[in-house]
Number of protein chains: 2
Amino acid sequence: ENAVITGVTGNKNIAKVAIRGIPDRPGVAAQIFSALGSQGINIRLIIQSIAADGLNDISVVVSREFVRQAAEVLEGQRKSLKAKEIVFHDQLAEVSIVGSGIASTPGVAARMFRALARRRINIDLISSSEVRITCVIDERRTTEAIRALHREFQLERLQRGMLRG
Amino acid sequence: ENAVITGVTGNKNIAKVAIRGIPDRPGVAAQIFSALGSQGINIRLIIQSIAADGLNDISVVVSREFVRQAAEVLEGQRKSLKAKEIVFHDQLAEVSIVGSGIASTPGVAARMFRALARRRINIDLISSSEVRITCVIDERRTTEAIRALHREFQLERLQRGMLRG
Ligand SMILES: C[C@@H](O)[C@H](N)C(=O)O
Ligand SMILES: C[C@@H](O)[C@H](N)C(=O)O
């Protein structure tokens, strides 16, 4: 199947909060998101990669208006979670390519990441699905990243109007 | 907005490969996925969470038939990537809840994770979007996890036919 990339999106109105060094055992993610959910915090992305030595981290991407509140809620849970630390960063943006057949077309991710790498744009977080690959990057590189992705996937005509935030 | 969960899916035909301890600087993700893409490996999920001390890991979920090949390709790149190690695990399954308004409805993720936690099902990886939350778990717990999620989101009538793999 050949992927058809139909668009590039950007969103600067985001921030990440991360809970580091939590025990990799049942109930931990449930406790974290129960705490966030009870505060009405909108969660855009949840990212948990491979654990190491029985510990893991969870990165949460939220709309920027929620980052302080999210960090405070999690700091309040830190001891009972046995988490090492709670960190947050709000000078970030999401840039995504969207389309169909992304997962089943090897090389699409490579093209996206190469387009960013050529401009020396560091990729802070990655989350993908069958229809989208999202990278979180430094928000100061957003316009440049979107332009690079439009060029890579030959979507220049769509450049206007794609940037939210 | 209130989320409407329309389904629960499971897929046992998966495996994860992880590249641990890669330098967190531009070009690394591009190199990894160029190598995988050149081999025609289908990539279901790409998961990269927060870095630590200038290093990061990337977890890649692939269809199970690709795991050995993916691990070999990455092992071949390990030195030039300066990666610490390449690991893989294929006794895994994806379970997902799908619907609308997931990101904007706090508490949905908590309900999913609590349903798994109550059965002591450990969550190995997490990847979410606005329309789906996917957990990777031990494949031996797949049927139980799907049943638990159907119950939590009141979708029992959908239980038959949901398990692929
Ligand atoms: C780290 C966290 O996801 C843990 N494995 C859990 O199941 O809750
Ligand atoms: C870790 C990896 O994603 C790196 N930050 C890159 O941009 O390629």
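First the proteins, then the strands, lettered A, B, ... as listed; each starts at 1.
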Heavy-atom count check: over 12 atoms from other residues, nucleotides or ligands less than 6.0 Å from E130(A) CD? no

Main-chain N/O of A110(B) paired to S34(A) side chain as donor or acceptor, under 3.5 Å: no

Using heavy-atom distances under 4.5 Å, tell me whether A52(A) contacts chain B through its side chain, its backbone, both, or neither. both

Given R119(A), R20(A), R132(A), the one with more heavy-atom pairs under 4.5 angstrom with chain B than any other is R20(A)

Taking all heavy atoms of S59(B) and all of S49(A), pick out the closest pair and write down the distance. OG-OG, 2.6 Å

Quick one: of L125(A), I50(A), I43(A), who has the most non-hydrogen atom pairs under 4.5 Å with chain B? I50(A)

Select one option (side chain, backbone, both, neither) describing which atoms of A29(A) are under 4.5 Å from chain B's heavy atoms. both

Atom pair CD1 (I46(B)) and CD1 (I47(A)), whose distance is rounded to the nearest 0.5 Å: 11.5 Å

Does CZ in R118(B) sit with more than 12 non-hydrogen atoms of other residues, nucleotides or ligands closer than 6.0 Å? yes

Starting from F153(B), can I reach L116(B) by hopping between I/L/V/M/F/W/Y residues whose side chains sit under 4.5 Å apart? yes

Contact leader toward chain A among D124(B), I32(B), I133(B), where contacts are heavy-atom pairs under 4.5 Å: D124(B)

Taking side chain as everything from C-beta outward and backbone as N, CA, C, O, which of these in V87(A) sits under 4.5 Å from a heavy atom of chain B? Side chain, backbone, both or neither. side chain

Test item: N42(B) and S104(A) side chains (from C-beta on) under 4.5 Å apart, heavy atoms: yes

S128(A), A30(A), A117(A): which one forms the most heavy-atom pairs within less than 4.5 Å of chain B? S128(A)

Just verifying a value: how many Å separate I126(B) CD1 and L45(A) CG, rounded to the nearest 0.5 Å? 12.5 Å

Residue among C135(A), G107(A), S127(A) with most heavy-atom pairs under 4.5 Å to chain B: S127(A)

Nearest heavy-atom neighbours spanning D24(A) and N122(B): OD1-ND2, 3.2 Å

Would you give me the side-chain donor-acceptor pairs under 3.5 Å for residues 72-80 of chain B, sequence neighbours excluded?
{"residue": "E75(B)", "atom": "OE2", "partner": "R78(B)", "partner atom": "NE", "Å": "3.0"}
{"residue": "Q77(B)", "atom": "OE1", "partner": "Q31(B)", "partner atom": "NE2", "Å": "2.8"}
{"residue": "R78(B)", "atom": "NH1", "partner": "A83(B)", "partner atom": "O", "Å": "3.4"}
{"residue": "S80(B)", "atom": "OG", "partner": "Q31(B)", "partner atom": "NE2", "Å": "2.8"}
{"residue": "S80(B)", "atom": "OG", "partner": "Q77(B)", "partner atom": "O", "Å": "3.2"}

Let me check something: do I19(B) and M112(A) share a hydrophobic cluster, defined by ILVMFWY side-chain heavy atoms less than 4.5 Å apart, either directly or through other members? yes

Grouping I, L, V, M, F, W and Y whenever their side-chain heavy atoms are under 4.5 Å apart, do I146(B) and I14(B) come out in a common cluster? no

Spatial distance of atom CZ (R25(A)) from atom CD1 (I123(B)) [nearest 0.5 Å]: 13.0 Å

Common cluster, V17(A)/V108(B), ILVMFWY with side-chain heavy-atom separation under 4.5 Å: yes

Top residue by heavy-atom pair count (under 4.5 Å) with chain A, among I121(B), V131(B), V61(B), V28(B)? I121(B)

Path from V95(A) to I5(A) over hydrophobic side-chain contacts below 4.5 Å: yes

